[in-house]
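Structure first, then comments.
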2 protein chains.
Amino acid sequence: MKIDKSLMTGSTTMLILKLLENSDMYGYQMIEELERRSQNIFTLKAGTLYPLLHTLEQQNVIESYDAEVETVRPRKYYRLTKYGKKLLDEKKIEWNAYSSAVNRVLGGVGYDGI
Amino acid sequence: MKIDKSLMTGSTTMLILKLLENSDMYGYQMIEELERRSQNIFTLKAGTLYPLLHTLEQQNVIESYDAEVETVRPRKYYRLTKYGKKLLDEKKIEWNAYSSAVNRVLGGVGYDGI
DNA sequence: TATTATATATAGATGATCGATATATCGTCA
DNA sequence: TGACGATATATCGATCATCTATATATAATA
């Protein structure tokens, strides 16, 4: 299944933060991990991710550090800040409200909450 | 609940088409109906809707006609074309794939489809 | 009579994502 | 050995969807 990219808009940040909730990750790893967990529905592009990571770091949502153990290649790991955890929780709630609303509209004529 | 508008991106067309699946409607009515059915989550702006309707008509997804019965004010009604119905079905499938994938990522660590 | 709701329309701004491109290293295969 | 694909990060400009602001016109309401 190939998803129209415009659907992704708005949920990308939440998904990235969710990945970091479980464990610290570096950019390239996020792309692969997101692809794996979504079963190839999400193929986040590097040109989308790296600028987004920089923005989130500036906004104090995530923070980066260089790989501590020696790796084959230089990697920048990211972790959630306390504010980032809070933001993730908010975005989950927002997602649930949004997807419920879509399903409500799709569900039928929807008169009076039925 | 106030939704980040960027979440809307990509699903607006599907929601409009869904409204028209049940009955023909004019633009202003769609805005109100969408608001009602989504319980105020979606507040589609006129500046978004009218250009979108024109585009969808050009693409033969919907077609318009003037109100047949006399109305207080001139109204342009829209109906789904055959192609529009097909497109709606496709977009529903796409939405399900997308929202399932998001929920899969949100659901947990997600190793091996668990 | 002024304001709000109804009804449609368009122009320009904003913001998220992508494609293209760049750099550098590593592993593999011919 | 040399080319290529995978790994890893980065930036620029393009694209596309939505919004804000603005415009027009009439009906209802205060």
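Chain letters run A, B, ... following the sequence lines, proteins first and then strands; every chain starts at 1.
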Nearest whole Å is fine: how far is [N] [atom2] from [X] [atom1]?
{"X": "B/D4", "N": "C/dA16", "atom1": "CG", "atom2": "P", "result": "8 Å"}
{"X": "B/I3", "N": "C/dG15", "atom1": "CD1", "atom2": "P", "result": "19 Å"}
{"X": "A/Y26", "N": "D/dT9", "atom1": "OH", "atom2": "P", "result": "7 Å"}
{"X": "A/M25", "N": "D/dT9", "atom1": "CE", "atom2": "C1'", "result": "17 Å"}
{"X": "B/M8", "N": "D/dC16", "atom1": "CE", "atom2": "C1'", "result": "15 Å"}
{"X": "B/M14", "N": "D/dA17", "atom1": "CE", "atom2": "P", "result": "15 Å"}
{"X": "B/I16", "N": "D/dA17", "atom1": "CD1", "atom2": "P", "result": "14 Å"}
{"X": "A/L34", "N": "C/dC18", "atom1": "CG", "atom2": "P", "result": "11 Å"}

Note: for A/S6 and A/I31 on DNA chain D, the residue whose nearest nucleotide lies more 5' is A/I31

Across all chains, not counting sequence neighbours, the salt bridge (charged side-chain N to carboxylate O under 4.0 Å, His left out) partners of B/K86 are B/E90

With B/R79, which residues qualify under side-chain contact (heavy atoms from CB on, under 4.5 Å), at least two apart? B/D24, B/E63, B/Y65

Using the test side-chain contact (heavy atoms from CB on, under 4.5 Å), find all partners of B/S100 that sit at least two apart in sequence or belong to another chain. B/R104

Test: A/R37 and A/E33 ion pair at under 4.0 Å: yes

Go through the structure and list residues passing ring pair (Phe, Tyr, Trp, His ring centres under 6.0 Å) with A/Y50, not counting sequence neighbours. none

Both A/V72 and B/Q29 contact DNA chain C. Which one's nearest nucleotide lies toward the 5' end? B/Q29

Is it true that a side-chain atom of [X] and a backbone atom of [Y] form a donor plus acceptor pair closer than 3.5 Å?
{"X": "A/Q29", "Y": "A/Y26", "answer": "yes"}
{"X": "B/K45", "Y": "B/T43", "answer": "yes"}
{"X": "A/S64", "Y": "A/Y78", "answer": "no"}

Look at [X] and [N] and indicate whether a side-chain polar atom (N or O) is within less than 4.0 Å of OP1 or OP2.
{"X": "A/K5", "N": "D/dT15", "value": "no"}
{"X": "A/T9", "N": "D/dC16", "value": "no"}
{"X": "B/T12", "N": "D/dT18", "value": "yes"}

Filtered N/O pairs between nucleotides 2-6 of chain D and protein, under 3.5 Å:
none

Tell me which residues in residues 43-58 of chain B lie within less than 4.0 Å of DNA chain C, going by non-hydrogen atoms. B/G47, B/Y50, B/P51, B/H54

When rounded to the nearest 0.5 Å, the distance separating CG of A/L52 from OG1 of A/T12 is 7.0 Å

